[in-house]
Structures are given as C-alpha cells and as structure tokens.
Asks: 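Below is a structure I'd like to ask you about.
Naming: A, B, ... by sequence-line order, numbering from 1 per chain.
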Amino acid sequence: MNHQLFVYNTLTRKKELFEPINNPFVGMYVCGPTVYGDPHLGHARPGITFDLIFRYLVHLGYKVRYVRNITDVGHLENDADEGEDKIAKKARIDQLEPMEVAQYYLDRYHFAMDKLNVRRPSIEPRASGHIIEQMEIVQKIIDAGYGYESNGSIYFDIAKYNEKFQYGKLSGRVLDDLLATTRELDGQEEKHNSADFALWKKASPEHIMRWNSPWSIGFPGWHLECTAMGNKYLGETFDIHGGGMDLLFPHHESEICQSNVAFGHEPAKYWIHNNMITINGQKMGKSLGNFITLNEFFDGSHPSLTQAYSPMTIRFFILQAHYRSTVDFSNEALQAAEKGMKKLLMAQNLIPKLKSSAQSTENIKELQQKLYDALDDDFNSPIAIAHLFDGVRIINSVKDGKASLTEEDIELLKQLFESFVSDILGLKSEEAASGSDEMLNGVIQMLIDLRQQAKMDKDWAKSDKIRDELKNINVILKDTKEGAEWSIGE
RNA sequence: GGUCCUGUAGCCGAGUGGUUAGGCACCGGUCUGCAAAACCGUCUACAGCGGUUCGAAUCCGCUCGGGACCUCCA
C-alpha cells in the first residue's frame with residue numbers, strides 16, 4: 001500500500017509529508033517525566049500519543065529508535081525553595097537518597113505506563129547518567145562564545161544568539177516582547193539579560209544533587225539533558241522531537257539554541273506536540289494541585305471519580321480525541337468511552353466466529369483505505385476509531401445474518417482489527433479470556449446447561465436465578481440463537 | 001500586558017466552502033419467556049453580529065466566552 005504520511009510540524013505550523021532523513025530509519029526523541037511524583041492523567045497523554053506514533057511508524061515498516069528520557073536531576077524550583085532541585089527537596093523531606101526517590105517514582109511510572117499498554121521506548125536514558133555529556137555541550141557553547149560565566153553559573157547569551165539565529169522560531173516568540181514581559185526570577189542579577197537561560201547552575205550549600213565541573217560544584221541547566229541525550233543516541237539531527245505543548249517554550253526553544261550553537265544546526269526535522277488534558281476546563285497539572293493520579297483512576301479512589309476506570313478505558317478516552325486538541329476529563333465522558341471500547345472489543349472477538357458467504361454486501365477494502373487515510377493524516381485516531389465502529393456494525397450485522405462477507409473479506413477484516421485495534425491503537429481486552437481456564441470453563445458450561453434445561457422446562461425462576469447468581473460473581477450470560485454465551489464483566 | 005489556541009447537538013468529540021462523522025445518553029421498532037446484546041429508524045449542532053461567495057458551520061473582520069504559554073510542569 002502506498003502511503004503518504006502527513007505530520008503536523010510545530011516548527012512550520014503546517015502538515016508536512018513525512019520523509020525520514022535516513023529512510024527507513026526514524027529517530028524519535030520525546031521528553032519524558034520528571035520522576036518526583038506519582039504519574040497522573042497528564043502523563044498518560046504524551047505517553048499514549050507518542051506510543052500511537054511509535055506503533056504506527058513501526059506498522060508502516062520504519063525502523064524506529066524511540067528515545068524517551070527520564071528527568072531525575074536539574075529542574076529548578078521557583079517557589080519558597082528557590083534554586084533547589086526538586087528531587088533533592090523531596091529527598092530531604094522523606095529522608096531518602098535522591099536516587100531512591102527517583103527510582104521509586106520511575107518504577108511507579110513504568111507500572112502505570114505498562115498498564116496503559118504503552119510500549120517501552122527503545123532507550124530510556126536518565127539525565128543523571130549523562131552529566132559528562134551535558135558538561136561537554138556547555139563547554140562547546142562557551143567555546144563558541146555563546147555562554148558566559150557569572151558567579152560560578154553559566155548562562156546562554158540570547159541576545160548574541162539572536163544576532164545570527166532566529167530566537168523564538170519554534171514558539172513564535174519575539175525577543176523584544178519577551179524582555180518586556182519576563183518576570184522577576186531568582187538569580188536574575190547574574191544574567192546579562194532576563195531571557196538568558198542557565199546552562200550550569202552553581203549549587204547552593206544545602207543542595208544535595210551536585211557534580212564537580214570546571215566552573216563550580218553544581219548541576220546542569222534545565223534544557224541541556226535533552227540536547228545531550230538526543231545527540232548521543234540519535235545523532236546531531238534526528239527526525240522527530242516530541243513532547244507536551246507546555247514544553248514548547250522555553251524548553252524546546254532552548255534546545256534549538258543549544259543545538260544550533262553546539263552542533264551547527266537544529267536538532268530535529270519535525271516537532272510534534274501533544275495538547276493538554278483539562279479538568280473542568282483547566283489544565284491538569286502538578287502545580288495546580290488538580291490532578292488525579294493514574295492509580296486513582298484505576299481503583300476509583302479519587303473523590304471526584306464516581307467509579308474506577310480501567311487503563312484501557314483511559315487509553316481509549318485519550319485516543320478518541322486528536323492529540324493536538326485539549327481533552328476535557330469528566331466521569332460521563334469516561335463512562336461513554338468505557339462502553340464504546342467494550343463494544344469495539346466485543347465485536348473484534350466475534351470476527352473468528354463469522355460465517356462466510358459467496359458474496360459480500362460490505363466493502364472491507366474501502367474500510368481499510370479509510371483507516372490508513374485517517375492515520376496518515378497526522379495520526380487522526382478519532383477518525384480511525386469512527387471507521388472501526390463502521391467495522392463493528394458490519395461484524396454484528398453479519399453475525400445477525402443481515403449482511404454477508406466472503407471468506408476473503410472476513411480474513412481481511414480480522415487482519416484490519418488486529419492491526420488497527422490491537423497493534424496500532426494498542427487496545428486489548430482486559431477481561432480474563434473466557435475459555436482460557438479449562439476448569440472455570442467447564443463449571444460455567446455446566447451451569448449454562450442446567451439453565452438451558454430449566455428454560456426448556458419453562459422454569460423461568462430457576463433459569464433467571466442462575467443468570468442472576470452468575471452476574472453477582474461477574475459472569476455475564478447472553479442468550480443467542482446458538483445458545484448462551486458468557487463473558488467476564490468489569 | 002504580550003504571543004497563540006479555541007467555542008460544534010443532553011455529554012464527549014471529528015471534520016469540511018455545497019453530500020451521514022463517530023461514541024455515550026434519549027425515544028420508537030425488530031428479535032427475546034424476560035433480560036442483555038445486536039440491528040433498523042427518529043431526535044436534539046455548528047457562540048453572536050457583519051462581510052466575501054451562486055453557496056459558509058467551514059474563509060475574513062468585530063464582539064462575547066473558555067483555555068495555554070510567557071516560571072518547574074506532560
């Protein structure tokens with residue numbers, strides 16, 4: 001099949017034909033989590049967005065190296081604990097080693113992402129393991145004349161950069177505007193210019209995470225890790241750089257500055273940014289304190305949740321919106337997603353049971369084309385899902401004998417659902433597969449047989465009792481023309 | 001204040017200058033001992049006001065509302 005994949009490039013604000021720099025190899029770098037807190041719904045968005053992109057690129061046959069970093073050092077705080085490293089702060093409070101805290105939350109992040117069926121990246125480098133590489137880039141920037149020292153810290157000279165390069169091209173900022181609107185920050189007096197950002201920060205005495213360097217004992221600046229690790233694992237220019245829209249400025253803008261100066265060109269060809277998840281119309285985030293952790297979704301323990309939502313429900317909910325739109329969380333929306341997803345997965349399970357006919361009344365090839373067209377258009381998962389529901393209607397109609405498919409078409413349909421539902425969208429049935437446990441299967445089949453006998457005797461009280469009792473232990477019976485079917489409920 | 005995004009039916013959410021998005025909910029029907037599921041059908045839309053156009057929900061302008069970024073944040 002001939003594909004023309006178009007991706008929206010934040011750099012140009014346009015959808016562009018995707019052409020890897022070194023076809024068929026694709027390098028993708030995505031900004032990963034800062035591991036100092038439990039993963040929340042906001043983390044699920046980029047996790048799932050770039051998982052979809054990763055999976056689709058692999059499906060199309062590209063050899064993808066997907067790098068997603070772990071930030072376990074280096075982000076500065078700007079509240080009461082000025083200049084203090086977040087990991088270090090948490091460590092002091094908890095009386096733990098900083099790396100112990102990072103490991104704890106990294107494990108929890110992995111656990112949540114695994115539940116969401118987010119594939120692990122090819123490489124997951126940690127900032128703390130790449131201090132040397134970051135220092136080398138600082139030195140390069142200093143050597144090139146764009147870094148200056150001030151009281152043991154090194155800053156990037158934006159004004160000088162803007163003479164030769166275009167500062168703000170990714171985020172659409174204009175330097176003069178920025179200078180007029182930048183707020184008062186700690187350490188401002190050390191900078192030549194309020195827009196300058198730190199490349200190396202001298203550690204204050206109580207700062208725990210610190211490394212020796214030619215300039216001072218300290219730690220690398222906020223934006224350096226991605227430049228260092230992207231370069232190390234994907235080369236000086238790679239295909240895709242991704243992350244949340246909130247990272248666009250100043251983080252990604254600064255990465256472009258660093259790469260231009262240190263390597264002579266920009267880091268990435270395509271910049272892809274996912275939008276935010278909102279709750280009651282407001283961004284869900286750590287700093288706003290309105291976030292719900294993923295574990296709270298999974299067990300329904302957060303007060304604003306009316307029930308627990310399975311990881312696959314969360315995944316489907318996120319995929320039902322386009323990645324560049326905000327998506328507003330609500331119980332109603334999640335419940336709708338839950339039902340819709342079950343319908344989709346139930347239909348998929350029916351495909352092998354369909355009976356073929358000599359003629360097809362439905363056009364499966366057209367469905368196939370529509371599915372690829374949807375994802376080729378900037379990974380439009382909501383459109384793809386809408387078309388999959390057309391497939392659901394076809395499957396159910398064929399099962400009811402109201403439509404027919406040839407054996408060939410059934411096979412194609414099966415293959416399409418496997419590719420799109422399972423492999424690309426990454427949706428999978430969460431119920432214990434009915435029939436996988438031989439003993440359970442036998443016991444329930446016996447009950448179904450007993451109920452069938454009761455039904456033949458028109459003993460409705462007994463047959464309903466069996467159905468109700470089974471429902472109480474989460475076994476759902478459905479009567480069909482071929483007899484009763486059973487499945488495990490939620 | 002600056003930069004940018006956005007406003008679609010009860011809810012969530014696509015999309016497009018002229019033709020059904022889709023899901024959930026609701027209502028009617030078919031099927032069923034009853035359920036459930038499924039299928040068929042119906043019903044609620046494009047914030048407001050102007051403009052461009054043969055034609056705009058889709059393009060432009062203004063007004064009103066919501067949001068993001070400008071500070072660590074996915």
Asks: Using whole Å, report how far CZ of A:Arg324 lies from P of B:G13.
Replies: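 Nearest whole value for this atom pair: 16 Å.
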Asks: So, taking the atom named CZ in A:Phe420 and the one named CG in A:Leu427, what distance separates them when rounded to the nearest 0.5 Å?
Replies: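 Nearest 0.5 Å value for the CZ-CG distance: 13.0 Å.
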Asks: With sequence neighbours left out, what residues match A:Ala228 under side-chain contact (heavy atoms from CB on, under 4.5 Å)?
Replies: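 Applying side-chain contact (heavy atoms from CB on, under 4.5 Å) to A:Ala228 gives A:Glu133, A:Gln134, A:Ile137.
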Asks: Output the rounded distance in Å from CZ (A:Arg451) to P (B:A35).
Replies: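 Going from A:Arg451 (CZ) to B:A35 (P), I get 13 Å.
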Asks: Report the residue (A:Gly244 or A:Phe316) whose heavy-atom-nearest nucleotide on RNA chain B is the more 5′ of the two.
Replies: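 Its nucleotide being nearer the 5' end, the pick is A:Phe316.
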Asks: Could you state the interatomic distance from OG1 (A:Thr10) to CE (A:Met245), rounded to the nearest 0.5 Å?
Replies: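 Answer for the OG1-CE pair, A:Thr10 versus A:Met245, is 6.5 Å.
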Asks: With sequence neighbours excluded, tell me which residues meet side chain to side chain donor-acceptor pair (under 3.5 Å) with A:Arg55.
Replies: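 Side chain to side chain donor-acceptor pair (under 3.5 Å) check on A:Arg55 returns A:Asp51.
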Asks: Could you give the NE2-to-P distance, from A:His223 to B:C70, as a whole number of Å?
Replies: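 In whole Å, B:C70 P and A:His223 NE2 are 10 Å from each other.
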Asks: Counting the atoms with a prime plus P, OP1 and OP2 as sugar-phosphate, which does A:Leu334 contact under 4.0 Å by heavy atoms, base, sugar-phosphate, or nothing?
Replies: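 It contacts nothing in the nucleic acid.
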Asks: Protein-nucleotides 37-47 of chain B N/O pairs closer than 3.5 Å?
Replies:
from  : atom 1 : to       : atom 2 : distance (Å)
B:A38 : O3'    : A:Asn396 : ND2    : 3.1
B:A38 : O2'    : A:Asp400 : OD2    : 2.7
B:C39 : OP1    : A:Asn396 : ND2    : 3.4

Asks: Whole angstrom is fine here: how far is it from CZ in A:Arg13 over to P in B:U6?
Replies: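 Distance check: A:Arg13 CZ to B:U6 P gives 11 Å.
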Asks: What is the distance from OH of A:Tyr109 to C1' of B:C73, rounded to the nearest Å?
Replies: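 So the OH-C1' distance, A:Tyr109 to B:C73, works out to 14 Å.
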Asks: Whenever both distances are under 3.5 Å in a Watson-Crick or G-U wobble pair, mark it; put RNA chain B into dot-bracket that way, with [ ] for crossing pairs and | when the partner is on another strand.
Replies: (((((((..(((.....[...)))..((((.......)))).....(((((..]....))))))))))))....
Asks: Residues in salt bridge (Lys or Arg N to Asp or Glu O under 4.0 Å) with A:Arg173, at least two apart?
Replies: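 For A:Arg173 there are no salt bridge (Lys or Arg N to Asp or Glu O under 4.0 Å) partners, ignoring immediate neighbours.
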Asks: At under 4.0 Å between heavy atoms, what does A:Gly340 touch on the DNA or RNA strands: base, sugar-phosphate, or nothing?
Replies: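 Result for A:Gly340 = sugar-phosphate.
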Asks: OH of A:Tyr167 versus P of B:G2: gap in Å, rounded?
Replies: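 Going from A:Tyr167 (OH) to B:G2 (P), I get 19 Å.
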Asks: Could you run down nucleotides 15-22 of chain B 5' to 3' and tag each one B, S or - for protein heavy-atom contact under 4.0 Å?
Replies: S-----BS
Asks: Who pairs with A:Glu366 by salt bridge (Lys or Arg N to Asp or Glu O under 4.0 Å), at least two apart in sequence or on another chain?
Replies: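 With sequence neighbours excluded, A:Glu366 shows a salt bridge (Lys or Arg N to Asp or Glu O under 4.0 Å) to A:Lys370, given in chain and number order.
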Asks: Are A:Lys471 and B:A35 close enough that a side-chain N or O sits under 4.0 Å from OP1 or OP2?
Replies: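 No.
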Asks: What's A:Met245 touching, base or sugar-phosphate or nothing? Going by heavy atoms closer than 4.0 Å.
Replies: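 If one applies the 4.0 Å heavy-atom cut-off, A:Met245 turns out to touch nothing in the nucleic acid.
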Asks: Starting at atom NE2 of A:His252, determine the distance to atom C1' of B:C73, rounded to an integer number of angstrom.
Replies: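 Result: 12 Å.
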Asks: Which residue pairs pass the salt bridge (charged side-chain N to carboxylate O under 4.0 Å, His left out) test when at least one of the two sits in residues 320-334 of chain A, sequence neighbours left out?
Replies: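 Qualifying pairs: A:Arg324-A:Asp378.
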Asks: Return the set of residues passing side chain to side chain donor-acceptor pair (under 3.5 Å) with A:Ser122 (not counting sequence neighbours), or none when no residue passes.
Replies: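 Applying side chain to side chain donor-acceptor pair (under 3.5 Å) to A:Ser122 gives none.
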Asks: Sequence neighbours left out, what passes side chain to side chain donor-acceptor pair (under 3.5 Å) with A:Thr326? Give chain and number order.
Replies: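 Checked A:Thr326 against side chain to side chain donor-acceptor pair (under 3.5 Å); zero matches.
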Asks: Quick one: ring pair (Phe, Tyr, Trp, His ring centres under 6.0 Å) partners of A:His130, sequence neighbours excluded?
Replies: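 Ring pair (Phe, Tyr, Trp, His ring centres under 6.0 Å) list for A:His130, sorted by chain: A:Tyr233.
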Asks: What is the distance, to the nearest angstrom, from the CG atom on A:Leu175 to the P atom on B:G2?
Replies: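 Answer to the nearest Å: 18 Å.
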Asks: Between A:Asp457 and A:Lys462, does any side-chain N to carboxylate O distance fall below 4.0 Å?
Replies: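 Judged by the 4.0 Å cut-off on N to carboxylate O distance, A:Asp457 and A:Lys462 do not form a salt bridge.
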Asks: Looking across every strand, which nucleic acid part, if any, lies under 4.0 Å from A:Val174 by heavy atom: base, sugar-phosphate, or nothing?
Replies: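 The answer is nothing, as A:Val174 stays clear of every strand by at least 4.0 Å.
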Asks: Taking only residues two or more places apart in sequence or in another chain, which ones pass side chain to side chain donor-acceptor pair (under 3.5 Å) with A:Tyr56?
Replies: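 Here the qualifying residues are A:Asp376.
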